[in-house]
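Have a look at the structure below, then the notes.
Each chain gets a letter, A, B and so on, in the order the sequences are listed, and its residues count up from 1.
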Protein chains: 2
Amino acid sequence: MDSAKILSDHNIKPSIIRVMIYDFVKNTKSHPTVDEIYTHLQPMAPTLSRTTVYNSVKLFASSGLFKALSIDGIQIRYDADIGHHGHFRCEECDRVFDFKIHEDAESGLDGFDITKREIFYSGSCIECKSKN
Amino acid sequence: MDSAKILSDHNIKPSIIRVMIYDFVKNTKSHPTVDEIYTHLQPMAPTLSRTTVYNSVKLFASSGLFKALSIDGIQIRYDADIGHHGHFRCEECDRVFDFKIHEDAESGLDGFDITKREIFYSGSCIECKSKN
DNA sequence: ATTAAATTTGTAATCATTACAGAATTGTAA
DNA sequence: TTACAATTCTGTAATGATTACAAATTTAAT
């Protein structure tokens, strides 16, 4: 669907920069950080401010368009895939992989209202593991 | 088991302060932050430095005695329970609850070497939910 | 007791993120 | 078009957790 329309549907005015930020995160599988978003878009939008990127991703996250991930515990990453899934970070090649979480994966939260789920594993991916 | 012996068994010299830090985290269910550890121990050890707390918890984590948790994305919390389990943070009362993760909860990581797992949910706990 | 090694401490630096206020842009009505 | 208000964008300064580092202290062994 048209990104501008998606933003509008969430009561966010689809300014050019907002659409650029939304599109980049949506089309980037690595779940970019604010810095990566800024570095990628800055050549196309020379006056872009880091603060604008921070503001936009926060706005998208609070509207449910993005999920905020603290995958490495250093910088927050943003994911336009809202569905329930896990993230695996390879500590050798630094890539991030998505993986599936089964239904009823947990117990002990009966009666709790779960609004946010974050699942983060790390180690060595299959490629890096076979190199060693 | 004796905390000093546990540290020794992991090739960590059991200094008084290290044992105090280890004991406090082990006996505190809330998975304290460095600041909470420091604030709690400082009256008993007036010369304690925050840096020492940082050094010690990092040492314990790298030795496999603690797990580092980025539950709220702001401060790192430390957990002396090494077993695989999840953490739920209630956004109303700010408490952290442990919960069980089933075996084979995920798929898509065949052949990967998983060395660290972090599972973090948030929302409203059963008590806060019933208050509303 | 002396000396070397390890630990502890305190200050200064780092770095991601946020606060904030002014500048620029957009939308609307005459 | 012009004027005006509302929103968005920008840049600098502040915040706050964590780390770097070197000096001070403690520990261990001879």
Nearest-neighbour nucleotide for the [X] side chain, [options] considered:
X	options	answer
Thr51(A)	dA17(D), dC21(D), dA19(C)	dA19(C)
Ser15(A)	dT8(D), dC9(D), dT9(C)	dC9(D)
Gln75(B)	dA17(D), dT11(C), dT12(D)	dA17(D)
Lys58(A)	dA16(C), dT18(C), dC9(D)	dT18(C)

Between Tyr54(A) and dT17(C), does any side-chain N or O lie under 4.0 Å from OP1 or OP2?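 Yes, because at least one side-chain N or O of Tyr54(A) sits under 4.0 Å from OP1 or OP2 of dT17(C).
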
With a 4.0 Å cutoff (strictly under), does any side-chain N or O of Ser49(A) reach OP1 or OP2 of dC9(D)?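 No, Ser49(A) has no side-chain N/O under 4.0 Å of OP1/OP2 on dC9(D).
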
5'-most contact on DNA chain C: Lys13(B) or Val53(B), nearest heavy atom basis?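 With Lys13(B) and Val53(B) compared, the 5'-side residue is Lys13(B).
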
Between Ile16(A) and Pro46(B), who's closer to the 5' end of DNA chain C by nearest nucleotide?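 Its nucleotide being nearer the 5' end, the pick is Pro46(B).
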
In whole angstrom, give the distance that lies between atom [atom1] of [X] and atom [atom2] of [N].
X	N	atom1	atom2	answer
Ile74(A)	dT18(D)	CD1	P	11 Å
Gln42(A)	dC9(D)	CD	P	16 Å
Asp72(B)	dA16(C)	CG	C1'	15 Å
Asp35(A)	dT17(C)	CG	C1'	12 Å
Arg50(A)	dT18(C)	CZ	C1'	14 Å
Glu36(B)	dA17(D)	CD	P	11 Å

Parallel, tilted or perpendicular: ring planes of Phe88(A) versus Phe112(B), cut at 30 and 60 degrees: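 Perpendicular, since the angle between the ring planes exceeds 60°.
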
When you measure from the side chain of Gln42(A) to the backbone N and O of Thr39(A), does any donor-acceptor pair fall under 3.5 Å?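 No; zero donor-acceptor contacts below 3.5 Å.
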
Under 4.0 Å between any heavy atoms, over every strand shown, what does Thr33(A) touch: base, sugar-phosphate, or nothing? Just pick one.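 Nothing, no heavy atom under 4.0 Å.
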
Sugar-phosphate, base or nothing in reach of Asn55(B), heavy atoms under 4.0 Å: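 Touches a base.
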
